[in-house]
Amino acid sequence: MSAFRPDRRGNGGTGKIAPPTQRTIWRRRTMLIRIDEASGHAGAEIEIRGWLYHKRSSGSIHFLLVRDGSGVMQAVVAKQDVSPSIFTAAAELTQESSLIVRGVVRVDPRAPGGHELTVRDLQIVGLAKPYPITPKEHGVEFLMDHRHLWLRSRRQHALMRIRAEVIRAATEFLDRNGYLRMDAPILTPASVEGTTTLFETPYFDLGKAYLTQSGQLYNEAAASAFGRVYCLGPTFRAEKSKTRRHLTEFWMLEPEAAFMELDEYMEFAEAMVCAVVTQVLERRRADLQVLERDLARLEAVRAPFPRLSYDEALSRLLAAGKPLPWGEDLGGDEETVISAAFERPVFVHHYPARCKAFYMQPERDRPDVVLSADLLAPEGYGEIIGGGQRIHDLPLLEQRLQEHHLPERVYQWYLDLRRYGAVPHSGFGLGIERSVAWIAGIEHIREASMKRRTQMAERSMQTT
RNA sequence: UCCGCGGUAGCUCAAUGGUAGAGCGUCCGGCUGUUAACCGGAGGGUUGUAGGUUCGAAUCCUACCCGCGGAGCCA
């Protein structure tokens, strides 16, 4: 089946593929390249290693769409140009078979992308069985069951590249601003906030450990050590959520800064979100276009974002005919009503204390509200940031622990942060998947995650 | 946990009480510039499961299983 002569490969005739040690490898006249580099090699003989994305054939010519993870390129196998064995091999190729092709890069307006490969040599590495994901449409359930294969599609490539860019842009922004990455533990001895249901796991013979729901408390310790810190990692909420914006396992980016108060926090979070959106627009524009994202909506994301107090939000809800009693938390519908009024993300600050976690700093002259601020993404995507200023006063924090019936013994180390050089400080959590879903303009958060975890995704848990 | 919708060929769907079908994928044949290629042919089914009504059930009834969407929780 192989049309390759192993002796030409310079690998001792083993037929094995030498692992690339650098991005570009020279081997005699043929250069191994990635498809996204192909336009710079017009006229040159090159080698591409990848998978068959799609094929169209007629009697004497095959058009192979080859993908290698960096892009998709058309490879043309003409009967007159290759040996009969190579032409037969091209005819046998099935969708998603892995292959190595060599040939000359040619500019041709008829080719998707403007250039193509005229094949001289072709090796089938692994002939694929009939591939379940065909070029026609499929339902979400079927695609989610085949998530491990769905990742090969163009749309998923675009999404995963945007996700990587969101994380890169955000962490680069934090690094530039003097924040130290200091990741918090995943296994924790108790609840961070005392409210959400946690996943538990046996911890040797010492009882139970819990999967973290937030790195925040640890971040506060780190912020008192280094001034400005952030953590990035998976977080877990054992809630039986069943909505387009919830996962039981998701990634969260959490900055925390000493001496930072509420207004400064909002300015900083705003700058970070703007930096992320700008960088995705710059570097992943083609991917956004694959997803048919309305770029004008993203280009409108500029500082300053509107800032709405909780009280003002209630007035707007009343005016919109959706009144909410004071003290109730904003639900998905309420968030949508508020964010729909603006083309930029909007902060809602000064929530009622009873809606928020025990550690939120109360407003000086009005203790029934706290110095919190959530950022709601536009277009109905909802909350992508939650955060605020933390309590730095020791007696007040002790009082709050009692009010929330939290075991003070477990929080002694947290109280220490108030005993030894307490300062006003603030921080927030940015939901990675929610941010990606908003920026990419996708319907459901699950596609922003490699393998979604939700309560109902049990079938996928049984296998992967 | 609650509310709503659904389960028919590998996939997407049709068939509303009377012989279970189409498109795509697969297999075979044809085609030298295809763009979700096209043309001809073939194969493919315990209609989610169990029971009931009926001369006759994919279709009506009951129970269960599974999935999807939404609420609550929050990033």
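Below, read A as the first sequence line, B as the second, and so on, with proteins coming before strands; counting in each chain starts at 1.
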Quiz item: Starting at CG of A:Leu330 and ending at P of B:C73, how long is that distance when rounded to a whole Å?
Solution: 11 Å

Quiz item: What nucleotide among B:G69, B:A75, B:G72 has an atom nearest to a side-chain atom of A:Leu247?
Solution: B:A75

Exercise. Could you check which of B:A36, B:C74, B:G33 has an atom nearest any side-chain atom of A:Val76?
Key: B:G33

Self-check item: Distance between C1' atoms of B:C73 and B:C2 (Å, rounded)
Solution: 14 Å

Practice problem: Consider the side chain of A:Thr243, meaning its heavy atoms from C-beta on, and name the nucleotide among B:C74, B:G33, B:G72 that approaches it most closely. | Solution: B:G72

Quiz item: Taking the nucleotide of RNA chain B with the closest heavy atom to each, which residue, A:Cys355 or A:Ala78, is nearer the 5' end?
Solution: A:Ala78

Practice problem: Establish, with yes or no, whether the OP1 or OP2 oxygen of B:G69 is under 4.0 angstrom from a side-chain nitrogen or oxygen of A:Arg446. | Solution: yes

Quiz item: Have A:Asp175 and A:Tyr230 got a donor and an acceptor in their side chains that come within less than 3.5 Å?
Solution: yes

Quiz prompt | Under 3.5 Å on both distances, the Watson-Crick or G-U partner of B:A50 | solution = B:U62

Quiz item: Across all strands shown, which nucleotide pairs with B:G33 by Watson-Crick or G-U wobble geometry, both distances under 3.5 Å?
Solution: none

Quiz item: With distance as the sole criterion, do the side chain of A:Arg56 and the base of B:C31 form a donor-acceptor contact below 3.5 Å?
Solution: no

Self-check item: Residue closer to the 5' end of RNA chain B, A:Ser58 versus A:Lys55 (nearest nucleotide)
Solution: A:Ser58

Quiz item: What is the base-pairing partner of B:C5, counting Watson-Crick and G-U wobble geometry with both distances under 3.5 Å?
Solution: B:G67

Quiz item: Taking atom P in both B:A15 and B:G6, what distance in whole Å separates the two?
Solution: 13 Å

Quiz item: Do we see a donor-acceptor contact under 3.5 Å between the side chains of A:Glu220 and A:His425?
Solution: yes

Quiz prompt | Nearest to side-chain heavy atoms of A:Arg245, which nucleotide of B:C68, B:U34, B:G72 | solution = B:G72

Quiz item: Is there a donor in the side chain of A:Glu256 and an acceptor in the side chain of A:Gln216, or the other way round, less than 3.5 Å apart?
Solution: no

Quiz prompt | Sidechain-backbone polar pair: A:Thr235 side chain, A:Phe250 backbone, donor-acceptor under 3.5 Å | solution = yes

Quiz prompt | Donor-acceptor pair under 3.5 Å, A:Glu116 side chain vs B:G33 base | solution = yes

Quiz item: Does the distance from a Lys or Arg side-chain N to an Asp or Glu carboxylate O, for A:Glu96 and A:Arg152, drop under 4.0 Å?
Solution: yes

Self-check item: Donor-acceptor side-chain pairing of A:Gln95 and A:His54 below 3.5 angstrom
Solution: no

Quiz item: Does a nitrogen or oxygen in the side chain of A:His444 sit under 4.0 Å from OP1 or OP2 of B:G69?
Solution: yes

Quiz item: Can you tell me if A:His62 and A:Ser58 form a side-chain donor-acceptor pair at under 3.5 Å?
Solution: no

Exercise. Would you indicate, yes or no, if B:U32 has its OP1 or OP2 atom less than 4.0 angstrom from a side-chain nitrogen or oxygen of A:Ser60?
Key: yes

Quiz item: Rounded to the nearest Å, what distance is computed from the CD1 atom of residue A:Ile133 to the P atom of nucleotide B:U26?
Solution: 14 Å

Self-check item: Whether A:Tyr131 stacks on the six-membered ring of B:G25 base, 5.5 Å and 30° limits
Solution: no

Could you pull out the protein-nucleic contacts involving nucleotides 7-11 of chain B (nitrogen or oxygen on both sides, under 3.5 Å)?
{"unit_1": "B:C11", "atom_1": "O2'", "unit_2": "A:Glu137", "atom_2": "O", "d": "3.4"}
{"unit_1": "B:C11", "atom_1": "O2'", "unit_2": "A:His138", "atom_2": "ND1", "d": "2.5"}

Exercise. Looking at every strand, decide which applies to A:Asp108 at a 4.0 Å heavy-atom threshold: base, sugar-phosphate, or nothing.
Key: base

Practice problem: List the steps and the verdict of side chain to side chain donor-acceptor pair (under 3.5 Å) for A:Glu116 and A:Gln74. | Solution: CA-CA 5 Å; A:Glu116 64 185 18; A:Gln74 177 163 280; 3.1 Å; yes

Quiz item: Looking at B:A71, B:G67, B:C73, which one has an atom nearest to any side-chain atom of A:Glu239?
Solution: B:C73

Exercise. Choose from B:A75, B:A71, B:G33 the nucleotide whose nearest atom is closest to any side-chain atom of A:Phe63.
Key: B:G33

Practice problem: Determine the contact category for A:Gln74: base if any of its heavy atoms lies under 4.0 Å from a base atom, sugar-phosphate if only primed atoms, P, OP1 or OP2 are that close, otherwise nothing. | Solution: base

